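For clarity, every value in this text was computed on a predicted model and none was experimentally measured. Excluded from the calculations below are hydrogen atoms, water molecules and symmetry mates; all remaining heavy atoms, backbone and side chain alike, are included.
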Amino acid sequence: MGKPYPTHIVHELGFDLGRVGEEIHGSAPIVAEMYAPDSTVVRASIFATWTDIAAGYLALDAFAPRVPTTLELDVHLHQHAGDIAEMKAVARLIKAGRSVMVAMVDFTDGAGRNVAFGTASFMPVPDVTMRIPPEHEAFRAERRPPGRLRQPFAERAGCVRQSPGTAVLPRSEDGLNSSKTVNGGLIALAVEEAVLSATPGAYLSSLAMRYLRPVRIGPAIATAQVSDGLGRVEVRDGGSDDRLAVYAITRTASLTNPASEETAA
């Protein structure tokens, strides 16, 4: 048997991936710890994390042995249709160039109904000496049993709502990506928590993120301005002179009546 993989927050989301032709297929059982607070809606940040992972597989193929980094990522949830037992995903390449690649990911439930979709673009990190670590090469080549989230996602990641419109995510060894910076999906969680802290009774139905620089030191501090359900969020690296790391646009929808128009702040 090979060396056991270290526990990672993202691995605990239970996303099992495999190759089917030129596509990446994934699935995950849905557990209550994945829900947005006071709901049975899977968090948008979890869809963002899964999009980053599934599309990232295609980026690894496109840029190997260099390390890819996420440029932009967006996810959009269809109207919430009640409890879902299993989520399935299919990632497809949209465009692959020498410097940028783009992929999309479709999410469906066990019955094949559309639940969400996402897109992500990647580029190789500027440092040409960085190479994909051996453990990530093994992860690409070997299937491993998916983990299981046993705490609410924000609690597991240590993401705290500091005040209405502000959330803080610490840098932790079990939340880093291959370049040893804060995982992009976890930054999506900070964005989501900042927005939800300013919009009680809502869930995030749409999230678009532009990654401007990595969060190397942390904590990642997300600050949201929300009006009529439309939010603008800045994420800064608190340990690096509060440099702007991510800029995001969000949309919320009501938990009490998901079919209605988006909530106001």
Side-chain angles (χ1 to χ4, degrees), residues 8 10 13 15 17-26 44-77 89-107 116-137 139-141 175-192 204 206-216 220 222 232-237 240 243-251:
H8 193 285
V10 168
L13 295 178
F15 203 35
L17 290 168
R19 298 182 186 278
V20 179
E22 296 183 350
E23 300 175 341
I24 299 296
H25 288 206
S45 58
I46 290 181
F47 284 112
T49 304
W50 286 339
T51 296
D52 199 35
I53 295 171
Y57 260 71
L58 298 173
L60 287 170
D61 291 342
F63 299 129
R66 294 181 64 185
V67 175
T69 186
T70 311
L71 291 174
E72 296 185 340
L73 187 148
D74 62 85
V75 292
H76 311 278
L77 281 62
V90 177
R92 303 179 179 89
L93 185 66
I94 296 177
K95 180 183 184 297
R98 295 181 63 182
S99 57
V100 176
M101 64 82 64
V102 183
M104 71 176 301
V105 184
D106 289 306
F107 295 94
F117 63 89
T119 60
S121 62
F122 300 84
M123 64 173 281
V125 297
D127 185 353
V128 298
T129 66
M130 292 188 67
R131 292 292 185 263
I132 299 170
E135 63 267 26
H136 287 266
E137 288 286 359
F139 179 75
R140 294 171 65 205
L176 303 181
N177 57 28
S178 58
S179 58
K180 300 301 181 182
T181 59
V182 177
N183 180 273
L186 297 182
I187 293 177
L189 171 63
V191 169
E192 183 176 39
L204 214 59
S206 186
L207 166 64
M209 304 175 66
R210 292 175 175 85
Y211 293 88
L212 307 177
R213 61 182 299 125
V215 176
R216 297 188 182 280
R232 296 184 292 180
V233 187
E234 293 183 352
V235 182
R236 297 181 178 273
D237 187 343
S240 184
R243 289 187 173 93
L244 183 62
V246 172
Y247 187 80
I249 303 295
T250 66
R251 174 70 73 177

Participant: Do the rings of His76 and Phe117 sit parallel, tilted or perpendicular, given the 30° and 60° boundaries?
Facilitator: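 His76 and Phe117: tilted rings.
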Participant: Quick one: pull up OG in Ser99 and CZ in Phe122 and give me the separation to the nearest 0.5 Å.
Facilitator: 14.5 Å
Participant: Which pair of non-hydrogen atoms, one from Ala188 and one from Leu207, has the smallest distance, and what is that distance?
Facilitator: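 Where Ala188 meets Leu207 most closely, the heavy atoms are CB-CD2, 4.0 Å.
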Participant: With rounding to the nearest 0.5 angstrom, report the OG to CG distance, Ser45 to Leu186.
Facilitator: 8.5 Å
Participant: Once you round to the nearest 0.5 Å, how far does OH of Tyr211 lie from CD of Glu72?
Facilitator: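 Tyr211 atom OH to Glu72 atom CD measures 10.5 Å (nearest 0.5 Å).
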Participant: State whether the side chain of Glu192 and the backbone N or O of Ala44 hold a donor-acceptor pair below 3.5 Å, judged by distance alone.
Facilitator: yes
Participant: I'd like to know whether the aromatic ring centres of Phe107 and Phe47 sit less than 6.0 Å apart in this structure.
Facilitator: yes
Participant: Could you pull out all residues at least two apart from Arg213 that satisfy salt bridge (Lys or Arg N to Asp or Glu O under 4.0 Å)?
Facilitator: none
Participant: How close do Ala245 and Val215 get, heavy atom to heavy atom, and via which atoms?
Facilitator: CB-CG2, 3.6 Å
Participant: Are the side chains of Asp52 and Met209 in touch, meaning some heavy atoms are under 4.5 Å apart?
Facilitator: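 No, too far: nothing below the 4.5 Å cut-off.
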Participant: Please examine the side chains of Pro68 and Leu60, heavy atoms only from C-beta on, and report whether any two atoms are closer than 4.5 Å.
Facilitator: yes
Participant: For residues Val246 and Glu234, determine if any side-chain heavy atom of one lies less than 4.5 Å from a side-chain heavy atom of the other.
Facilitator: no
Participant: Could you tell me whether the side chain of Tyr57 and the main chain of Ile24 form a donor-acceptor pair under 3.5 Å?
Facilitator: no
Participant: Show, in sequence, the C-alpha distance, side-chain angles and deciding distance for Arg210 and Leu71, and conclude whether the side chain to side chain contact (heavy atoms under 4.5 Å, CB included) test is met.
Facilitator: CA-CA 6 Å; Arg210 292 175 175 85; Leu71 291 174; over 6 Å; no
Participant: Among Glu22, Glu23, Met101, which residue meets the side chain to side chain contact (heavy atoms under 4.5 Å, CB included) test with Leu93?
Facilitator: Met101
Participant: For the side chain of Asp237 and the backbone of Arg216, is there at least one donor-acceptor N/O pair under 3.5 Å apart?
Facilitator: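 Checking the backbone N and O of Arg216 against the side chain of Asp237, a donor-acceptor pair under 3.5 Å is found.
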Participant: If you look at every heavy atom in Leu212 and Leu244, which pair is closest and at what distance?
Facilitator: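 Minimum heavy-atom separation between Leu212 and Leu244: CD1-CD2, 3.6 Å.
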Participant: To check you understand the geometry: which heavy-atom pair defines the closest contact between Thr51 and Ala120, and what is its length?
Facilitator: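 In this case the closest contact between Thr51 and Ala120 is CG2-CB, 4.3 Å.
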Participant: What are the two closest non-hydrogen atoms of Ala222 and Val233, and how far apart are they?
Facilitator: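 The pair with the smallest heavy-atom distance is CB-CG1, 4.1 Å.
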Participant: To the nearest 0.5 angstrom, please state how far the CZ atom of Phe15 sits from the CD1 atom of Ile46.
Facilitator: 11.5 Å
Participant: Looking at CG of Asn183 and CD1 of Ile53, how far apart are the two atoms once the value is rounded to the nearest 0.5 Å?
Facilitator: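 CD1 of Ile53 is found 7.0 Å from CG of Asn183.
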Participant: Let me confirm one number: the CG-OG1 distance from Leu73 to Thr119, rounded to the nearest 0.5 Å.
Facilitator: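 Interatomic distance, Leu73 CG to Thr119 OG1, rounded to 0.5 Å: 7.0 Å.
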Participant: List the atom of Leu17, the atom of Gly26, and the distance in Å for their closest heavy-atom pair.
Facilitator: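 Scanning both residues, the minimum pair turns out to be CD2-CA, 3.7 Å.
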